[in-house]
Undergrad: 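Attaching a single structure in structure tokens format; questions to follow.
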Amino acid sequence: MSNNEEKSSFVPYVSSSRSLPELTVTAIVFGVILAVVFGAANAYLGLKVGLTVSASIPAAVISMGIIRGLFKRDSILENNIVQTMTTAGEAIGAGAVFTLPAFFMLNIQLSQAVIIFIMLTGGLLGVFMMVPLRQMLIVKEHETLPYPEGTACAEVLKSGEKGGENAKTVAFGFLFGGLVKTLADGFMLFKSEIETTVYKFKNAVIGTDIYPALLGVGYIIGPRIAGQMLAGGLLAWIVLIPAISFFGADSAKAIFPANVPIGKLDAWGIWDNYIKYIGAGSVAVGGLITLIKTLPTLIGTAATMMKGLASGNANSLSIKRTEKDLPFQYVIIGVLAIIVIIAFTPITNVGIIGAIAIAIFGFLFVAVASRIVGLVGSSSSPVSGMTIATLLIVTLIYKMAGLHGVHGMTAALTVAAIVCTALAVAGDISQDLKTGYLVGGTPWKQQVAMSIGVVASGTVIGIILIILNKSYGLGSTALPAPKASLMKILVQGIFGGDLPWTLILIGAAVAVSIEFLGLNSLVVAVGLYLPVHTSMPIMFGGIVRWLVDITSKSKEEREARGDKGVLFASGLIAGESLLGVIIAILIFFKVPIPSAALTDNRVIPLVIFLAICTILYFVSKSAKAERK
């Protein structure tokens, strides 16, 4: 058969006949550490901007720098296990911050046991449900599904002799990101946010956060996506807010949901009372549009999956090391056991209805997520759209079943959180399995490593969320948690019926209009929902990436410079995010931090930020194209 011929014709970097150290104690220890570190970093970033970034490449680089450079261990498969476990932390961080902060915003108390239960059940379901899909998506469709992050990570691992130099680039970025965060938000030496009004343009505000992490995000996602996100921010802050101010200036009465007249609100007041709801409607519909656009993929994946399972290919016994998955019967038992535990455990009380919803939406959307990331990468996977769809359907089912109030909202959000975590983990393990397929890893060892990473990061993410909530406040301007805020608005509105639906529908109409313009409605909607101060530094990062690209003389040079810049940008993100968590811990334990704020000075932070932009540019430009 053609599929078998195609499978047999592919030879991985490490052939199946070779046996190298792989799932070792060293790899597990470093993998657990990096899973927790990048889980915390991505949690902070997701709460700040509503986006997370792939940790596989920086994890692979750090792993090679330490294991190969420091310990002199020479095994590409060991490094592959480390990056596999690290991405588990990244995925757990994403699943947590997209949903769990909604509980805090609704004043629903979550114990550590409940958070751990949600993260572990969702994460392990994501791993187990991906196992029967590996043969179909990774192996049989090797030529048609590129899995961009997984392929890029494989190339980084194969160029392992440069791991030490690349690790220095990440460390360099980590140093700058952490230093700026410490000086700005730790010692308060300068302002971390600057803004200015527009002359004779009432309540029109332009501002920017002085955060290297957001600069790094912009560099990684590129100028096009960054520009679309900034477009949403500008639409809110120099179009909608001034328009609301103008038309409501003479109103003597407060207009719902605000409790004071519009004429007495400044730009931030209008954003908080009106724009957030418009943005929420826009994000919700943007996510659903993204999901609808993937329906052909969803249907095709489901059909292919059913054919594969019916023919028994997904459960075939493999002889070669590089073809061995976790035993399928154990995977089925594991999934069924988790679903039964969810149905009957008193920890969450989602009941049989919730467990069935998790089983159906989990497996359906895991298949979709795993295929979509193969086509467009993890960053473009509509996890939020699939989670919104799950939340809306489950909330309506619970309401029809007679659940109301806090109990109903808790059950619906719990189901959405478990499904969201499963989707995030499944998407990331798909990229990891692609990397393993290319370099010659052992699938079942990667699946075990991912499970260990899920357990390690899932047991600590709740502590991080509680500390960040008590230090900064989840849903505040410091950590707006946009995706979770949307979940909170939707579930509260459906159960309580007190949403400003006109504003939500205006946002929905904006998303539809943006989609017809040929732009990514979800990206623009996120920019509309967040303060423009968040989108602006992301745009700066996109501009730096654009300058690097246009000044490169060849495709090879552009790729080399882009890759080095991504490593430095990843360091900026990790450094700032982790120092943000550390500062939150110090605040949580009331540790005094000496400060000497330069109040109202906007020049110094702007100069510092532009200096980081310049450093990012020249670090990228220092890369040399490889000769082939």
Undergrad: Check whether any side-chain heavy atom of D209 sits under 4.5 Å from a side-chain heavy atom of P537, and report yes or no.
TA: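 Yes; the side chains approach each other to less than 4.5 Å.
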
Undergrad: Which atoms form the tightest heavy-atom contact between A416 and T387, and what is the distance?
TA: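 The answer is O-CG2, 3.8 Å.
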
Undergrad: Assess whether side-chain contact (heavy atoms from CB on, under 4.5 Å) is satisfied between C613 and V544, documenting all intermediate values.
TA: CA-CA 7 Å; C613 292; V544 173; 4.2 Å; yes

Undergrad: In this structure, which one of L610, T208, I210 forms a side-chain contact (heavy atoms from CB on, under 4.5 Å) with P605?
TA: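 That would be I210.
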
Undergrad: Measure the spacing between OG1 of T414 and CD1 of I115 and express it to the nearest 0.5 Å.
TA: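 The CD1 atom of I115 is 10.5 Å from OG1 of T414, to the nearest 0.5 Å.
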
Undergrad: Going by the rule side chain to side chain contact (heavy atoms under 4.5 Å, CB included), which residues pair with S192 if we only count those two or more places apart in sequence or in a different chain?
TA: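 S192: side chain to side chain contact (heavy atoms under 4.5 Å, CB included) contacts with A184, D185, Y211.
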
Undergrad: Between side-chain atoms of residues 213-234 and protein atoms elsewhere (two or more places apart, or another chain), which donor-acceptor pairs fall under 3.5 Å?
TA:
unit_1, atom_1, unit_2, atom_2, d
Y219, OH, R561, O, 3.4
Y219, OH, S620, OG, 2.9
Q228, OE1, N520, N, 2.8

Undergrad: With a 6.0 Å cut-off (strictly less than), is the heavy-atom count around CZ of F201, excluding the residue itself, greater than 12?
TA: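 Atom CZ in F201 is crowded, with more than 12 foreign heavy atoms closer than 6.0 Å.
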
Undergrad: Using distance alone, with no hydrogens and no angle criterion, decide if E195 and W237 have a side-chain donor and acceptor under 3.5 Å apart.
TA: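 The answer is no; no qualifying pair exists.
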
Undergrad: Can you confirm whether more than 12 heavy atoms, excluding those of W546, are under 6.0 Å from its CH2 atom?
TA: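 Check fails, neighbour count at 12 or below.
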
Undergrad: Would you say the side-chain atoms of K48 pair up with the backbone N or O of P480, donor to acceptor, closer than 3.5 Å?
TA: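 Checked: no pair found.
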
Undergrad: Tell me, which pairs form a salt bridge (charged side-chain N to carboxylate O under 4.0 Å, His left out) where one or both residues lie in residues 539-549, sequence neighbours left out?
TA: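 Pairs touching residues 539-549 that pass the test: R545-D549.
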
Undergrad: Within a strict 4.5 Å, meaning less than it, do heavy atoms of the I504 and I489 side chains meet?
TA: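 Yes; the side chains approach each other to less than 4.5 Å.
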
Undergrad: Distance-only, no hydrogens or angles: does the Y529 side chain make a donor-acceptor pair with backbone N or O of S485 under 3.5 Å?
TA: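 Here the side-chain-to-backbone pair does not exist.
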
Undergrad: Which atom names give the shortest non-hydrogen contact between A481 and M105, and what distance separates them?
TA: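 In this case the closest contact between A481 and M105 is CB-CE, 3.6 Å.
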
Undergrad: Going by the salt bridge (charged side-chain N to carboxylate O under 4.0 Å, His left out) test, which pairs reach into residues 264-282, not counting sequence neighbours?
TA: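 Non-adjacent pairs meeting salt bridge (charged side-chain N to carboxylate O under 4.0 Å, His left out): D272-K276.
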
Undergrad: Measuring only between side-chain heavy atoms, which start at C-beta, is V180 closer than 4.5 Å to F190?
TA: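 They are in side-chain contact.
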
Undergrad: I'd like to know whether CZ of F618 has more than 12 heavy-atom contacts from other residues, nucleotides or ligands below 6.0 angstrom.
TA: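 At most 12 heavy atoms, drawn from other residues, nucleotides or ligands, come within 6.0 Å of this atom.
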
Undergrad: Kindly give the heavy-atom pair with the smallest separation between S535 and G527, and that separation in Å.
TA: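 Minimum heavy-atom contact is OG-CA, 3.9 Å.
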
Undergrad: What salt bridge (charged side-chain N to carboxylate O under 4.0 Å, His left out) pairs are there with at least one residue in residues 511-521, not counting sequence neighbours?
TA: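 Salt bridge (charged side-chain N to carboxylate O under 4.0 Å, His left out) check on residues 511-521 returns K293-E515.
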
Undergrad: With a 3.5 Å distance limit and no angle check, can you tell me whether N42 reaches the backbone of A94 through a side-chain donor-acceptor pair?
TA: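 Flag not set: sc N42 to bb A94 has no pair under 3.5 Å.
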
Undergrad: Side chain to side chain contact (heavy atoms under 4.5 Å, CB included) with I494: which residues, sequence neighbours excluded?
TA: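 For I494 the side chain to side chain contact (heavy atoms under 4.5 Å, CB included) partners, ignoring immediate neighbours, are L392, T395, L396, K399.
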
Undergrad: Would you say I506 and Y277 make side-chain contact, with heavy atoms under 4.5 Å?
TA: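 Not in contact.
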
Undergrad: Work out which heavy atom in V285 is nearest to a heavy atom in A508; give both atom names and the distance.
TA: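 Looking at all heavy atoms of both residues, the closest pair is CG2-CB, 3.3 Å.
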
Undergrad: Just by modelled atom types, is the L468 backbone N or O under 3.5 Å from a matching donor or acceptor in the S471 side chain?
TA: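 A pair under 3.5 Å: no.
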
